[in-house]
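Structure first, commentary second.
Only this structure's heavy atoms are used, side chains among them; waters, hydrogens and symmetry mates stay out. Convention: sequence-line order gives letters A, B, ...; per-chain numbering from 1.
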Amino acid sequence: MVNLSHLNPEQREAVTHTKGPLLILAGAGSGKTRVIVHRVAYLLEKGVDPEHILAVSFTNRAVREMEERVADMVNAPKLARKLTLSTFHSLGVKILRRNISNLGYPKKFAIYDQGDQLALVKRAMQNLRVSDKEFEPKQLLEEISNAKNRLESPEEQTDSLVREVYAGYQTAMKHCGAVDFDDLIYLPVVLLRDEPEVKEYWAGRYRYIMVDEYQDTNPSQFELVRLLADIHGNLCVVGDDDQSIYGWRGSDIENIRQFPKQFEGTKTIMLTQNYRCSGNILEAANLVIAESADRYPKRLWTESGDGQKINLTVVQNEEEEATSIVNKLHQLKFDKNLKWSDFSIMYRTNAQSRLFEEKLRGERIPYKLVGGQKFFERREVRDAVAYLRTLQRPEDELAVRRIINYPNRGIGPTTIERLNQYMERRGCTFYTACQQTDQNEDLSKAQQNTVDSFVELIEEYRKKIQSNPNFAEVFKEFLQEVRLTHHLYKEYDNLTEAKRRVENVDALLNGMFQYVEKFKDEGSLDDYLDRICLDQNDNKDEEEFQNSVTLITLHGSKGLEFPVVFIAGVEEGLMPYFRTSGWTMDLEEERRLCYVGITRAKQWLFLSYSMERRRFGQLEERSPSRFLDQIPGRLLRIVGAAGSASESTKEEKEQKISSFFSNIHSLLGDD
DNA sequence: GTTGCGTTTATTTTT
DNA sequence: TAAACGCAAC
């Protein structure tokens with residue numbers, strides 16, 4: 001029996017309203033995941049077949065959390081495993097694995113990441129004889145991505161360059177039998193929209209649909225959800241318009257704003273009781289976001305007391321900011337007996353993290369940096385994965401090209417060019433061209449031989465990897481055969497560097513072994529490759545960071561919470577962020593970002609503002625963020641940083657701080 | 001290939 | 001400031 005007694009009335013209503021469209025406006029810290037999890041359990045209890053339940057979210061982290069909590073709550077692991085709890089993109093993969101042949105792609109399509117995509121954009125540009133100097137391939141890729149997110153085909157593009165590059169890119173992707181992340185939503189939409197039997201299958205399968213973080217959906221995701229849900233209308237979306245911070249990536253806040261208009265008979269429930277932040281913090285957050293236009297008006301409340309005041313620290317420069325934060329952190333940890341993992345330092349731009357890293361390292365405080373270079377983006381890891389992809393499906397042209405001469409085996413640009421020409425003449429795949437060297441008259445005998453032995457190597461291990469379910473073991477043997485480790489040591493004369501890279505490859509192998517171990521017969525190489533494409537953090541060693549301070553961007557912090565939050569650089573220019581030139585900023589979104597940051601804090605919130613900051617090597621005077629204007633003095637404790645290294649004299653410093661205080665005098669007099 | 005130098009540019013990035 | 005990139009020369 002699902003116990004609903006510890007839910008508040010709104011939460012309970014959200015859980016038990018199972019039929020028809022439902023919009024749950026879940027304020028920050030209002031127990032949204034709890035509602036989703038209870039709702040799933042409630043549906044099961046009402047006898048709904050788990051196969052008919054779908055819950056979608058954006059991140060793997062959110063999905064894992066749902067899975068764990070559902071498993072804890074439902075006393076039937078067999079039932080729970082039949083649920084579809086997935087990210088948008090893995091749902092897309094699921095649909096495509098079943099139905100993509102209708103669109104002329106192979107069932108074992110590859111999923112290309114940004115690096116692969118860029119390579120194909122460049123190739124498309126080359127084919128059109130467009131110099132990649134005149135137009136940034138990155139920018140064109142973004143245009144293509146935006147177009148797909150808006151569900152637009154190449155033909156619909158008004159800009160002729162975008163139209164042609166987009167078309168060429170799509171052709172190249174198809175030639176490789178590959179799709180990109182945007183296609184994982186776009187193509188399922190095409191299938192569901194155009195193929196009645198596809199629609200019938202999936203819409204019939206998922207009869208109770210929940211979407212998490214609905215404010216972040218883009219038009220194609222909206223369409224996917226709509227197509228799945230329009231027949232039965234049992235669509236429950238959960239989100240918070242105040243936390244929409246990904247507009248720049250194509251999410252459309254109007255999806256959540258217009259939901260009641262788009263789905264007739266929508267029931268709207270607001271969850272406004274906050275279980276996370278103490279009173280002062282919550283009030284500040286309420287005041288900051290109240291300024292926002294066109295929002296569902298709501299005011300979060302809490303039963304917990306006022307708690308601590310919000311600390312606003314004024315410092316001279318960013319150096320001092322880092323020092324003061326790290327000092328405060330240290331002090332608080334010991335005074336309040338906290339763990340390192342109770343702390344997080346947040347900032348608007350990744351560049352700000354460096355100073356904090358330095359200071360934390362200096363103090364021997366363990367930290368984890370969220371973001372930064374991703375494991376699967378490292379060159380050596382990409383190379384190793386390209387081998388794996390080649391073994392799985394040599395039609396994956398980019399993968400083959402990546403490793404055909406790595407480590408060096410004497411297949412140089414001339415040979416490649418001649419293979420290219422053969423490929424074009426025959427209209428075959430690149431790998432087929434490699435296999436048919438005997439029919440390629442351009443190739444010298446020596447060239448033929450080197451290519452032949454490459455193909456032999458691949459074919460040998462392809463057979464092995466197909467016949468042995470322990471693909472990790474085969475792959476390990478393969479890497480030894482091509483002497484990748486040996487090559488890495490040769491390639492990098494810096495020994496530490498080489499070691500790091502070897503370690504990364506080992507970590508990849510480790511992950512593979514773990515996967516094979518965990519999934520036994522259920523797993524497969526295909527599934528493993530999907531997994532590493534769709535969950536780039538899968539290989540991260542969580543253990544190592546069990547007890548560390550979290551350094552994270554404000555964007556990255558959404559969905560997290562910490563007893564202690566430091567937000568650095570609460571200044572005009574950083575929050576809101578001013579771009580050096582060109583584009584107009586979305587002030588509303590910047591405000592929401594600030595709101596997201598504030599609402600991460602459970603008990604202590606430290607904001608800091610620096611009077612000067614070096615920007616592009618130039619020292620700049622800074623002024624406090626306009627978002628601070630909404631926080632009245634009674635919620636704040638304003639302090640200048642305790643003395644630390646700084647070139648300016650004490651008098652200068654005090655003068656500056658006092659001028660700052662007069663700047664925000666209105667705040668102090670606001671009580 | 002790779003090294004080195006001059007040039008350019010400077011958010012946020014769930015998948 | 002600094003890192004990332006492109007290009008020329010080895």
Side-chain angles (χ1 to χ4, degrees), chain A residues 56-65 86-93 111-114 117-118 131-133 136-138 141-142 145 148-149 179-186 212-218 220-221 239 243-251 318 346-355 370-374 376-377 405-408 410 412-413 487 490-493 530-538 552-560 569 573-586 589-590 592-594 596-597 613-620:
Chain A
V56 206
S57 192
F58 279 85
T59 67
N60 291 293
R61 200 188 65 218
V63 169
R64 271 194 290 270
E65 193 184 342
S86 97
T87 62
F88 264 104
H89 292 87
S90 44
L91 174 66
V93 170
I111 302 164
Y112 279 3
D113 64 15
Q114 214 194 342
Q117 290 178 273
L118 226 39
S131 149
D132 57 3
K133 294 234 187 80
E136 284 282 344
K138 263 228 175 75
L141 178 58
E142 212 174 294
S145 172
K148 287 184 183 181
N149 288 159
V179 303
D180 60 28
F181 283 124
D182 303 316
D183 288 332
L184 292 179
I185 313 297
Y186 182 78
D212 189 17
E213 303 281 16
Y214 191 70
Q215 76 282 353
D216 290 335
T217 49
N218 64 32
S220 65
Q221 288 157 340
Q243 292 184 67
S244 163
I245 55 174
Y246 283 107
W248 53 277
R249 281 193 95 214
S251 29
E318 58 261 65
M346 301 178 184
Y347 35 79
R348 177 64 225 265
T349 67
N350 284 119
Q352 288 167 263
S353 73
R354 238 192 55 192
L355 272 173
V370 181
Q373 215 200 3
K374 297 258 164 44
F376 286 99
E377 278 164 22
N405 199 33
Y406 180 84
N408 210 308
H487 183 78
K490 227 172 71 182
E491 196 174 16
Y492 299 95
D493 32 38
D530 278 354
R531 229 165 240 273
I532 62 174
C533 287
L534 295 175
D535 189 357
Q536 302 265 306
N537 290 321
D538 211 21
I552 196 167
T553 61
L554 288 164
H555 282 90
S557 75
K558 201 182 66 174
L560 303 176
L574 232 32
M575 284 181 71
Y577 188 86
F578 302 158
R579 248 178 97 123
T580 21
S581 64
W583 224 225
T584 49
M585 68 167 165
D586 185 341
E589 189 157 306
E590 295 288 318
R592 295 192 290 263
L593 188 58
C594 179
V596 166
R613 190 175 292 267
R614 208 166 266 288
R615 196 176 191 228
F616 311 145
Q618 210 83 49
L619 201 63
E620 281 178 9

Counting the atoms with a prime plus P, OP1 and OP2 as sugar-phosphate, which does [X] contact under 4.0 Å by heavy atoms, base, sugar-phosphate, or nothing?
{"X": "Phe88(A)", "result": "nothing"}
{"X": "Asp113(A)", "result": "nothing"}
{"X": "Asn408(A)", "result": "sugar-phosphate"}

Gap between atom OH of Tyr347(A) and atom OG1 of Thr553(A) - 0.5 Å precision: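 So the OG1 of Thr553(A) and the OH of Tyr347(A) are separated by 6.5 Å.
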When the distance from [atom1] of [X] to [atom2] of [N] is rounded to whole Å, what number comes out?
{"X": "Gln618(A)", "N": "dT9(B)", "atom1": "CD", "atom2": "C1'", "value": "14 Å"}
{"X": "Tyr577(A)", "N": "dT13(B)", "atom1": "OH", "atom2": "P", "value": "12 Å"}
{"X": "Leu184(A)", "N": "dT15(B)", "atom1": "CG", "atom2": "P", "value": "13 Å"}
{"X": "Glu136(A)", "N": "dA10(B)", "atom1": "CD", "atom2": "P", "value": "9 Å"}
{"X": "Tyr347(A)", "N": "dT11(B)", "atom1": "OH", "atom2": "C1'", "value": "13 Å"}
{"X": "Glu318(A)", "N": "dT1(C)", "atom1": "CD", "atom2": "P", "value": "13 Å"}
{"X": "Tyr186(A)", "N": "dT15(B)", "atom1": "OH", "atom2": "P", "value": "24 Å"}
{"X": "His555(A)", "N": "dT13(B)", "atom1": "NE2", "atom2": "P", "value": "7 Å"}

4.5 Å side-chain heavy-atom contact, [X] and [Y]:
{"X": "Lys138(A)", "Y": "Gln114(A)", "value": "yes"}
{"X": "His555(A)", "Y": "Tyr246(A)", "value": "yes"}
{"X": "Glu590(A)", "Y": "Arg348(A)", "value": "yes"}
{"X": "Leu141(A)", "Y": "Leu118(A)", "value": "yes"}
{"X": "Asp216(A)", "Y": "Gln221(A)", "value": "no"}

C1' spacing across the pair dT11(B) / dG6(C), given as an integer number of angstrom: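 About 24 Å, rounded to a whole number of Å.
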Whole-Å P distance, dC5(C) and dT12(B):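 Their P atoms lie roughly 15 Å apart.
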Return the stacking result for dT12(B) and Trp248(A): yes when the ring centres lie under 5.5 Å apart and the planes under 30°, no otherwise.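 It does: the two rings, one from Trp248(A) and one from dT12(B), meet the stacking criterion.
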Minimum-distance nucleotide to [X] side chain [options: [options]]:
{"X": "Arg249(A)", "options": "dT11(B), dA10(B), dT13(B)", "answer": "dT13(B)"}
{"X": "His89(A)", "options": "dT15(B), dT14(B), dT1(C)", "answer": "dT15(B)"}
{"X": "Phe616(A)", "options": "dT14(B), dT15(B), dA10(B)", "answer": "dA10(B)"}
{"X": "Asn405(A)", "options": "dT1(C), dG1(B), dT12(B)", "answer": "dG1(B)"}

Under 4.0 Å between a side-chain N/O of Asn350(A) and OP1 or OP2 of dT12(B), yes or no?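 Yes, such a contact exists.
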Thr553(A) vs dT13(B): side-chain N/O to OP1/OP2 distance below 4.0 Å: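 Result: yes.
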Each nucleotide in nucleotides 3-10 of chain C should get exactly one letter: B, S or -. Can you fill that in based on protein heavy atoms under 4.0 Å? S--SS---
Exceeds 12 heavy-atom contacts within 6.0 angstrom, atom CD of Glu136(A):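 No - once you tally the heavy atoms of other residues, nucleotides and ligands closer than 6.0 Å, there are 12 at most.
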How would you list, by chain and number, every residue that makes a side chain to side chain donor-acceptor pair (under 3.5 Å) with Thr59(A), sequence neighbours excluded?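 Checked Thr59(A) against side chain to side chain donor-acceptor pair (under 3.5 Å); zero matches.
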Where each residue is assigned the nucleotide of DNA chain B containing its nearest heavy atom, which of Leu534(A) and Thr349(A) is assigned the position nearer the 5′ end?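 Of the two residues, Thr349(A) wins.
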